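Below: the structure, in structure tokens.
Quick caveat, the model's predicted, so the values are computed rather than measured. By convention here, the first residue in the shown sequence is residue 1.
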Amino acid sequence: MKTIYLSIVRWCTALMLIVVTQVHAIAQEGGTDSKVSVSSSSSSTSDGAVTTWYAAPWVWIVGAAVFILLLVAIVRGRGRRAD
């Protein structure tokens, strides 16, 4: 009896996961009937080209610097640990 109950729970869980995944996929499509307007964080340059925040080189430089500093801090912290 317990195995039948677990089987039903697994099937219901799988069904719910499939339904949620499908709803999410349909929502991402947006279709032509959609009346929702979506705004993004982008800016225009002087020649009319649209750029996003992650396309700027300074963002990648700052991100790499922060990553290296965190990596150095983690590596140094492990060396000071006393056993």
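Counting side-chain heavy-atom gaps under 4.5 Å among Ile, Leu, Val, Met, Phe, Trp and Tyr, I61 is found in no cluster with other residues. Clustering of Ile, Leu, Val, Met, Phe, Trp and Tyr side chains at separations under 4.5 Å leaves W11 isolated, with no partner residue. The hydrophobic cluster of I18 has no other members, since no ILVMFWY side-chain heavy atom comes under 4.5 Å of it.
The side chain to side chain contact (heavy atoms under 4.5 Å, CB included) check on I4 picks up I8, with sequence neighbours excluded. Take V72 and apply the side chain to side chain contact (heavy atoms under 4.5 Å, CB included) test, not counting sequence neighbours, and it matches I68, R76. Under the rule for a side chain to side chain contact (heavy atoms under 4.5 Å, CB included), the partners of A56 that lie at least two apart in sequence or sit in another chain are W58, V59. Partners of V20 according to the side chain to side chain contact (heavy atoms under 4.5 Å, CB included) rule, which considers only residues two or more places apart in sequence or in another chain, do not exist here.
W60 and Y54 make their closest contact through NE1-O, 2.6 Å (heavy atoms, listed as atom of the first residue, atom of the second, distance).
How far CG of L15 is from CZ of R10: 16.0 Å, rounded to the nearest 0.5 Å. In this structure, OG1 on T21 lies 11.0 Å from CD1 on I26, to the nearest 0.5 angstrom.
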